[in-house]
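Just below is one structure, and these are the notes that go with it.
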Amino acid sequence: MDPSVSLDVAGLAKTYTGHGRSVEAVRDLTFRIGRGELVCIVGPSGAGKTTLLRCIAGLLPTSGGTITLDGAPVTAPPAGMAVVFQEYGRSLFPWLTVRKNVELPLRRTPRAQRTLNVDAALAAVGLTESADAHPWQLSGGMQQRVAIARAIAYEPSVLLMDEPFAAVDAQTRADLEDLVRALWHRLGITVLFVTHDIDESVYLGQRVLVLSNRPTVVLEDVRIDLPDERDQLQTRSSKEFADLRGRVYELVQLAKRGHRPGD
Amino acid sequence: MDPSVSLDVAGLAKTYTGHGRSVEAVRDLTFRIGRGELVCIVGPSGAGKTTLLRCIAGLLPTSGGTITLDGAPVTAPPAGMAVVFQEYGRSLFPWLTVRKNVELPLRRTPRAQRTLNVDAALAAVGLTESADAHPWQLSGGMQQRVAIARAIAYEPSVLLMDEPFAAVDAQTRADLEDLVRALWHRLGITVLFVTHDIDESVYLGQRVLVLSNRPTVVLEDVRIDLPDERDQLQTRSSKEFADLRGRVYELVQLAKRGHRPGD
Amino acid sequence: TDTTSSAGTTKLKIGVIPIVDVAPIYLGIKQGFFSAEGLDVTLETAQGGAAIVPGVVSGQYQFGFSNTTSLLLASSQGLPLKAVAAGVASTGVEGKDFGAVIVKADSPIKTAKDLAGKRVAVNTLKNINTTTINNVVQKAGGDPSTITYVELAFPDIGAAIAKGDVDAGQVVEPFLTIGTGQGNRQVVSNYAGTDADLTVGMYFTSQQYASQNPKVVAGFTAAMKKSMEYAAAHPDDVRAILSTYTKIDPTVQQNLTLPKWPTAVDRDAVQLLGDLAKKDGLITKPLTLDTLLP
Amino acid sequence: MSATSKLDGPARFLGLAGLSLVVGVAEALPRLDVVDRRFLPPFSSMAVALGRQLALGDFWIALGQTLRGWALGLAVAMLAGVVFGVVIGSVPFLRAVTASTIEFLRPIPSVALIPLVVLIYGSQLQSALVLVVYAAFWQVLVQVLYGVADVDPVVRDTARSYRFSRWTVVRTVVWPTALPYVVTGFRLAAAVALILEITAELIIGVPGLGRSIGVAQSSGAVAETYALVIVVGIIGVLVNASARAVERRALRWHTSIRRDL
Amino acid sequence: MKRLSAALGLPILLIGLWWAMSAGSTSFFWPPLETIVRAFPETWTADPILHDVLPSLARLAVGYLTALVAGVAAGTAIGSFRTLRALCEPALEFFRAIPPPVLIPVIALFAGYTGWTAKVITIALGCVWPILLNTVEGVRSVDEVLRDTARSYRLSRRATLQHVVLRGASPRIATGARQALSIGVILMVISELFGADRGLGAAIVQFQRGFAIPQMWTGIILLGLIGVALSALFRLVEHRTLAWYRGLRQAEREV
Ligand SMILES: Nc1ncnc2c1ncn2[C@@H]1O[C@H](COP(=O)(O)OP(=O)(O)OP(=O)(O)O)[C@@H](O)[C@H]1O
Ligand SMILES: Nc1ncnc2c1ncn2[C@@H]1O[C@H](COP(=O)(O)OP(=O)(O)OP(=O)(O)O)[C@@H](O)[C@H]1O
Ligand SMILES: [Mg+2]
Ligand SMILES: [Mg+2]
């Protein structure tokens, strides 16, 4: 086994059954992610990105194939993993304040450290002022940022994010993108990032996995060979960026049109 | 009263109180929208866009100012208005299938017409196959498209959309953008469109209202003087588009930094 | 074994129903008849025999009060009970007993015979009241099998008669006095009409307790006897003591008909009640009075 | 906040208005001869009888006994109902295995158990306690079972992905979700417990208000009977008012409450 | 198959335990289970089933359905209008706290002492509370966004009621309805303590008073079996109408 591989997804299949419907969401998905890599996933709506993430998180039983994280098969949520759910609103506990929501996973951290972490995370997403509000008193984008703050305060070793910036404005989005990259650099964590924003996927990732239409397989694994030091203005205006962006866009369009590898 | 004005928002103010918090979300918001105009609204997360839309929809009592729609003050949800909520997932009836969800507001339409409308709307958002599924059996993006389908099947005269494409992939997004413009053209409806995607706001709108940070006022009303016939490739690659895009981006950055009109 | 406390007194719990019938035991306690026998008696009230009999069988109460038919039923089903003292008996005077069947003043029912084919309310089905009514109706020449009995609590019987839901109802004091005071009319005294000395209720214990504590039982029986004699001799004391454990209206208290308080169980009357119960199919096994009666 | 206090006054006033309406009807029906006043006296006579009761020491002792038995039984039933409900509800296997047994035991009326409890305890406090606990327990249990099943799957997944311990999940996810159901369970159980406490006192003769009602009934004292019944009803009203107050605080975050403000 | 064994496993175990523990019992009130089982077919022959059990069940059905309709209707109204809730709640709580044994005579004063009416009302009055309370809470907790959706599309009052409020509250209504079911069985018995000559409840009480203890136990067991049967019936209905809810709550993993 290759010790540099953090996550190994082999032949993953998932079919939803029940309630009179049977949907083959994922069929034979195979890829590997190295330890400390930042990989983005793009694909058509309904392709199975969320399904994939939930399988990796050990939240959903698979119908076939294996998922191995750091050498151990994933059957239950593994330690040191944080997930930002696409349904950010429902993932917050309405009975807890924002601060308590962020604090909750840190129960084993000493109190002083915990307060520090939480304050830092809330400041990073710009929610210091709303710490004592309840989630349902916040705007959609603010709720989403609470979910992000919770994940980063947790300081995970593997971070799964499912369209985590979908509800925030352009400027905040840029700030948060840089925040994720900074965090990734600082902690050396493995990040799997699902997004619909192609620019974002190119800007953020070291690789972009483009998924096909349902039943889902990997359409292409695009390597993003941009320099590690990225900047919202410079990187995005570079020629390489535009090329990569064009390439991924093309793939997504292909995927949307039902193109599959080997076609 | 100017008959060409569809929506007149004058000095709108909204302060949330209760639960030990008092948040002044909107302060003195004034703007007008002509009949049959397509106006986009951008602004920092938590600025009060959703609040504004809910006030216009007659769902939220205001704390001050007036909202007039087609000459009549808005106190309850007006007729012929459709809203796509930011919380798309929660706005679908979990006990109804996708088809029934779309059909529900059309109860007064004759059955044959209704079926036609619903089928067309579902096809337009690419959900024909999932018509008999329940919302919770769908992916996030699919759920959002159900909400959109419901709004367009309703054929409203005023359409309010709150970040309606946040959860769909780039290609679908482009298709849906064109769908909204086509619908707007075809029905001559007034559209108010909240988005975080600056390109989208420029591409879609005739005007872009940039909101300030909380407490919210209109920072600037940017007129989008692009030709009416728009195309995803050509329009977006034009010089005028880039300029407008740059202008709006700049304003959003200003807004985010707390800039207010007159500063 | 006698549970005797340091002072040489035995603590007893006795299950009773808070009605006129048990006035003597209240009087007896007040008069000190029980403490004279070395018995420290506490009275526990319950709504009926259904709660008292199991309590006595399990030893929660040492003694209890119940109507004779209930005791016969229990005994015939194999419950090890032993009657230790007479409880209450009919006055034997038709029209002046403590229990009777009443009807509305303008009811066409004039005699016991007229009850045949009618709806009659009783407080418990298949018990002493149904067997005695059946008995008096039959004696009067009616067919008791045509009577429809309806179970209602005593307080509700008056209202049901007034409403016309039942044609007649069997009540005991104080509801007899209240009922006649409200214009109802007595048709027949079902206890007196069955037997002039009808033993309607008895005090009892479990056979196990009786065999293990003969001295206590003897003391209880003796004290009860004195209590009964005292009550029979002092009706005014009886009326006075009622207000200590009931909420009977003072004027009703003055006017109600007191039952007879015999000093001994009338074996023939018990036998009669047993026969009636058997005739009505309440008891299917042969009667063995000896296990129940002292 | 201000909104709450703004509402509290009128709410209380309206509640009193509702009760006055009941009083008015209770006064009018017998007076208008809709019912026979010998059997349902006008409210004023009940009130007079109640006044007489209030002056008696025995009444207050009985009231205390009833409240004690009721509170004790209710507490035991709540505790058992919540614990069993959460445990059974959280473990699908237990839920499947116990379902039929629960459905068998629930409809067995407590009154049918009377001879059995008398057999064991006689007319002591414990007899009423057993009946109260038995009846109230099911009320809480069923509510909690449904409440536990109401956990939002996304919330549950959040808790799982952060690897909350079982106890943390119960405390921070299951309990808050089930809380609205628990409050309803409490309101149902409180009334059922009171009913069984009174009934047990009435039938078995356990000391308390119910026994006083029984004595009044068997003495033909109609007004006194109703006076005592009114006291029982008032206990019910007060219990509910306090449950609502608790709910307003503990469920501030819940849709049903936050919308009310 | 697995479901069946899960449903029967514990009961069989408990019955076995009861059988073994009561085998040599000489206690009058705790007869051996064997005696009770023997007494069962002799006690519940065609006549009592026809004249006791069936009329009781019919009254239960009428009372329960009345409570369901009334509870949901009143609960929806009370849950929807805060003013109405403030007005009614104390008065309702007052009646809720009154024990049936003292309430029934009052009902009988109006509804008659001997017919079905008073009994049916008694059953309905007992069943209505869990349904009412749960409906009120269910209506109050319908998602705000769903309500807003219905309002913004100007669904008619009726459509909102039918498609939004009642459906949204239906999981809680089901909770209340299920709870009411066993209360209904209990009140079926209690109502027959009053002004009845026949009926399952009346029969049980007469066995008890006649000290026919094994027979009384058969009656109690019969009640339990009725409870199980009704609950299975209820589950069937619930399973169909609340399929969406189980899907939403991802409860299909459960049995
Ligand atoms: N609980 C479920 N039951 C049945 N089918 C489901 C369920 N959840 C998802 N699906 C189906 O599985 C497919 C993949 O869904 P998934 O949520 O993984 O898509 P996604 O890639 O995350 O899409 P999006 O970008 O729109 O969020 C969809 O077609 C959806 O209908
Ligand atoms: N129910 C509420 N109670 C209290 N405060 C609220 C409530 N809803 C919104 N707010 C506050 O009002 C402000 C504006 O919220 P709103 O939802 O209108 O923002 P938005 O512009 O839609 O943001 P986003 O782009 O993130 O959706 C926020 O600061 C939020 O905290
Ligand atoms: Mg998704
Ligand atoms: Mg918003």
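So that the names make sense, note that chain A is the first sequence line, chain B the second, and so on, each numbered from 1.
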For the interface with chain E, which of B/P78, B/A76, B/P156 has the highest count of heavy-atom pairs at distances below 4.5 Å? B/P78

Test side chain to side chain contact (heavy atoms under 4.5 Å, CB included) applied to E/W244 and B/F93, step by step: CA-CA 10 Å; E/W244 64 269; B/F93 298 96; over 6 Å; no

Contact part of B/R150 toward chain E, heavy-atom cut-off under 4.5 Å: side chain, backbone, both or neither? both

Residues E/D148 and B/L59: closest non-hydrogen pair is O-CD2, 3.7 Å

When you measure from the side chain of E/R154 to the backbone of B/P77, do you find a donor-acceptor pair of N or O atoms at a distance under 3.5 Å? yes

Look at the side chain of E/R151 and the backbone N and O of B/G58, then say whether any donor-acceptor pair between them is shorter than 3.5 Å. yes

Any chance CD of E/Q162 has more than 12 other-residue heavy atoms, nucleotides or ligands included, within less than 6.0 Å? yes

Comparing B/P105, B/A147, B/P135, B/A151 against chain E, the one with the most heavy-atom pairs below 4.5 Å turns out to be B/P105

Which residue out of B/L96, B/L92, B/L60 racks up the most heavy-atom pairs below 4.5 Å with chain E? B/L92

Check E/S152 against B/V83 and note the closest heavy-atom contact, atom names and distance. CB-CG2, 3.9 Å

Heavy-atom pair with the smallest gap, counting every atom of B/P94 and E/L146: CD-CD1, 4.0 Å

Please classify the contact between B/Y154 and chain E as side chain, backbone, both or neither, with a heavy-atom cut-off of under 4.5 Å. side chain

For residues B/R90 and E/E144, determine if any side-chain heavy atom of one lies less than 4.5 Å from a side-chain heavy atom of the other. yes

Nearest atoms (heavy-atom pairs only) where E/Y153 meets B/M81: CD2-O, 4.5 Å

Okay, E/S156 and chain B: the region with an atom under 4.5 Å from a heavy atom over there is both

Would a distance-only check, ignoring hydrogens and angles, find a side-chain to backbone donor-acceptor pair under 3.5 Å from B/W95 to E/V164? no

Under a 4.5 Å heavy-atom cut-off, does chain E meet the side chain of B/A82, its backbone, both or neither? both

